[in-house]
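In listed order, ligands and their atoms are each counted from 1. All heavy atoms count here, side chains included; hydrogens, waters and symmetry mates do not. These numbers were taken from a predicted model, which means no experiment stands behind them.
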Amino acid sequence: MTARELQTIARRHGTPVVVIDHEVIRRNYARFRKHLPKVQAYYAVKANPAPEIIRTLFRAGASFDVASLPEFMLVYDNIRNLPPREQQDFIWDKIVYANPIKPRETLEALDRYKPLVTYDNLAELRKIQKYAPRAGLALRLRVPNTGSMVELSSKFGCAPGEAVDLIEAAARAGLVVECLSFHVGSQCTNFENFVQALNIAAAVMREAASRGHAVKILDIGGGFPAPYDRHVRPFSELARKINAEIARLFPPELEILAEPGRFLVATAATAVARVIGKAVRDAKPCYYIDDSVYHTFSGIIFDHCPYHLKAFKRGKPEICAVFGQTCDGLDTISQSEELPEMEIDDLVYADNIGAYSSASSTCFNGFPPAKLVHVNE
Ligand SMILES: *Cc1c(COP(=O)(O)O)cnc(C)c1O
């Protein structure tokens, strides 16, 4: 999006506004498929659950990773009525349910769809056996998350040493482990995590096969990094490593899928906000904008992701602080941003804000989430 287009949209729709460019989403998806041709992409809906995004990615050929019953229904309802019309009596090729911990009511509601669901422990297995006996299983492995922006390995995944016992326990419960899965941590810029995870999965798969349990699907999870800054090495380099390990470690007939979230949507959105107040505190200019960390900038807190604000106007940059609109001191967008001197009603913007941003927006302090504007749908 050009600066002029963004300003026009902000004028027409008011601020705060988040502009989502679907051309970028299609490009990111095409890039993923081009560099990982053997891997079907299941978009992780939690990164940005806008139905418009689900429909665009479905049309492009994507499948979906959901982690709650509402997300499952959101995808199910949005892809059901879209061409290509498919009867969803086999759901796995379009949706995986990748949250290893599920409330019993969710399992009961999911069972009729014969879903593919993740587990990583015996208590969860018992629940699935009781409440969703028609589900297929994916076993989530614990793998190194070293250096990823968001770590997940302390919360999810069985130790590799327990994996084959859990596969056998599933078989005894009348269930079948169809898939092994892992997640290397979100915004994984340490590509070795993927290499190690693939090797762990291959070892588990070999041992399972030797004990009579053939696993047919490998799910290599999410974590593919968005190019937030120039330190992030290119996706093509990561894909080369992954492809080489896959070719070396697994039989060619193995079905492989991935759950990219951030990679597909982060670069597709730009937030535009307006300066609504200004002050000088301890000799530092302070600006207050009509968005906040409780809203579009929630990723600063939940996603450990720093967003930089830029001005449309030119001028000598000076170090300043930028705060959100709420009354909370935590609502600090940056203590050291570089902006020219701003006036009330001037616009600022932040790019690459499509993942884990509006997705976790709240209504705190009475301020509604920013309006979403979709372009190039
Ligand atoms: C969040 C999540 C994803 C998406 O992760 P990204 O880092 O955004 O690619 C994929 N799979 C699971 C199970 C997740 O929890």
Close-contact set for ligand 1 against [X] heavy atoms, below 4.0 Å:
X      : answer
Arg140 : 13 (C)
Pro260 : 9 (O)
Gly261 : 4 (C), 6 (P), 8 (O), 9 (O)

ask   = Is the distance between the ring centroids of Tyr43 and Phe58 less than 6.0 Å?
value = no
key: Results of side chain to side chain donor-acceptor pair (under 3.5 Å) for Tyr294 - residues two or more places apart only   = Asp328
request  = Mark yes or no: Arg31 above the aromatic ring of Phe235, with NZ or CZ under 6.0 Å from the six-membered ring centre and no more than 45 degrees from the axis.
outcome  = no
Note the single closest protein heavy atom to [atom], along with its residue, its atom name and the distance in Å.
atom                   : value
atom 8 (O) of ligand 1 : Tyr356 OH, 2.6 Å
atom 7 (O) of ligand 1 : Ser186 OG, 2.5 Å
atom 5 (O) of ligand 1 : His183 NE2, 3.0 Å

query = So do Leu116 and Ile91 actually touch side chain to side chain, heavy atoms under 4.5 Å?
reply = no
request  = Would you tell me which option among Glu259, Lys46, Arg262 has the nearest heavy-atom contact to atom 14 (C) of ligand 1?
outcome  = Lys46
query = How about Arg314: does its CZ atom have over 12 heavy atoms from other parts shown lying under 6.0 Å from it?
reply = no
query = Okay, side chain of Glu5, backbone of Thr2: is any donor-acceptor separation there less than 3.5 Å?
reply = yes
